[in-house]
Amino acid sequence: GAVVSQHPSRVICKSGTSVKIECRSLDFQATTMFWYRQFPKQSLMLMATSNEGSKATYEQGVEKDKFLINHASLTLSTLTVTSAHPEDSSFYICSASEGQYYEAFFGQGTRLTVV
Amino acid sequence: AQSVAQPEDQVNVAEGNPLTVKCTYSVSGNPYLFWYVQYPNRGLQFLLKYITGDNLVKGSYGFEAEFNKSQTSFHLKKPSALVSDSALYFCAVREAGGYQKVTFGIGTKLQVIP
């Protein structure tokens with residue numbers, strides 16, 4: 001299947017700093033990218049959906065000023081966690097899709113720990 | 001609103017036996033249905049999908065799933081389980097058409113016993 005690369009796989013940052021996570025589709029053009037957050041032993045919670053060249057659509061309860069999403073090209077989306085706090089510690093996963101008839105492929109996830 | 005139910009938190013099966021992981025869904029229009037597998041501290045890997053056509057869908061690693069519209073189910077199956085199949089399995093649904101968001105079930109942990 002198609003490959004989605006997510007970087008970094010693990011990051012530890014100090015409280016109050018910002019962290020950027022990259023999601024790249026390596027062998028296809030991702031018109032839509034999704035960002036999820038996964039809590040331990042829980043399902044994936046969709047944070048936002050982004051279409052290339054337009055503003056991301058955030059799910060209810062997700063702070064758009066805290067979780068900045070940029071989808072500047074058909075192969076790259078970034079999630080920036082601004083002013084991170086320990087409660088932001090989680091596993092963040094991105095996924096990318098070529099379009100409405102296609103399945104989404106997932107990155108390997110980023111384990112964020114805020115200390 | 002669309003939803004997915006995976007009624008079993010965990011499924012245990014002996015190696016070599018057939019396995020079934022259950023999934024039911026609710027969506028307003030026609031569904032697109034997916035199964036993904038997740039290994040510890042990893043992202044999700046796509047297994048198979050149902051978009052249209054044959055109700056029995058075959059996917060990666062010998063897995064298959066049957067779409068049953070009347071029962072709104074999309075159970076994942078494999079004729080003979082392997083120890084390496086032990087992982088967390090997620091069923092997902094989205095409504096056909098447009099860039100609709102995908103809703104995931106809570107996941108079912110599959111444990112294959114040697």
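Chain naming here is simple, since letters A, B, ... match the order of the sequence lines and numbering starts at 1 in each.
Across all non-hydrogen atoms, the minimal contact from Val57(B) to Lys49(B) is CG1-O, 3.0 Å. Considering all non-hydrogen atoms of both residues, Ala104(A) and Ser97(A) come closest at CA-CB, 4.2 Å. The shortest non-hydrogen separation linking Trp35(A) to Leu46(A) is O-CD1, 3.6 Å. For the pair Ala14(B) and Ala81(B), the tightest heavy-atom approach, listed with the atom from each and the gap, is O-CB, 4.2 Å.
Between the Thr31(A) side chain and the Glu98(A) main chain, a donor and an acceptor come within less than 3.5 Å of each other. Judged purely by atom type and a 3.5 angstrom limit, Gln6(B) uses its side chain to pair as donor or acceptor with the backbone of Tyr89(B). Of the possible donor and acceptor atoms, one in the side chain of Trp35(B) sits under 3.5 Å from a partner among the backbone N and O of Phe74(B).
Residues of residues 81-96 of chain A having a heavy atom under 4.5 Å from any heavy atom of chain B, listed by number: Phe91(A), Ile93(A). Using non-hydrogen atoms only and a strict 4.5 Å limit, no part of residues 64-71 of chain A faces chain B. At a heavy-atom cut-off of under 4.5 Å, chain B is reached by Gln108(A), Gly109(A), Arg111(A) from residues 108-115 of chain A, listed in order of number. Contacts with chain A (heavy atom to heavy atom, under 4.5 Å) involve these residues of residues 104-114 of chain B, listed by number: Phe104(B), Gly105(B), Ile106(B).
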Give the intermediate values and the outcome of side chain to side chain contact (heavy atoms under 4.5 Å, CB included) for residues Leu44(A) and Phe106(A). CA-CA 12 Å; Leu44(A) 286 77; Phe106(A) 286 78; 3.9 Å; yes
Salt bridge (Lys or Arg N to Asp or Glu O under 4.0 Å) between Glu64(B) and Lys58(B): does it pass, once the steps are laid out? CA-CA 4 Å; Glu64(B) 59 187 29; Lys58(B) 294 188 182 295; 2.8 Å; yes
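Judged purely by distance below 3.5 Å, without hydrogens or angles, the side chains of Ser70(B) and Asn68(B) pair a donor atom with an acceptor atom.
Seen from the ring of Phe63(B), Lys78(B) counts as a face-on cation partner, given the 6.0 Å and 45° thresholds.
Remark: Leu82(B) CG to Leu19(B) CG distance equals 9.0 Å, nearest 0.5 Å. Here Arg94(B) contributes atom CZ and Leu33(B) contributes atom CG; the two are 11.0 Å apart, rounded to the nearest 0.5 Å. Separation of atoms CE (Met33(A)) and CG (Asn51(A)) is listed at 11.0 Å; rounding is to 0.5 Å. Remark: Met45(A) CE to Tyr36(A) OH distance equals 11.0 Å, nearest 0.5 Å. Atom CZ of Phe67(B) is separated from atom CG of Leu56(B) by 13.0 Å, given to the nearest 0.5 angstrom.
If you measure heavy-atom distances from Gln38(B) to chain A, the contacts under 4.5 Å come from the side chain alone. Using a 4.5 Å cut-off between heavy atoms, Tyr39(B) does not touch chain A at all. Residue Gln6(A) does not touch chain B at all, counting heavy-atom pairs closer than 4.5 Å.
When side chains are defined from C-beta on, Leu76(A) counts as touching Glu22(A), because their heavy atoms get closer than 4.5 Å.
Between Tyr50(B) and Tyr25(B), the ring center distance fails the sub-6.0 Å criterion.
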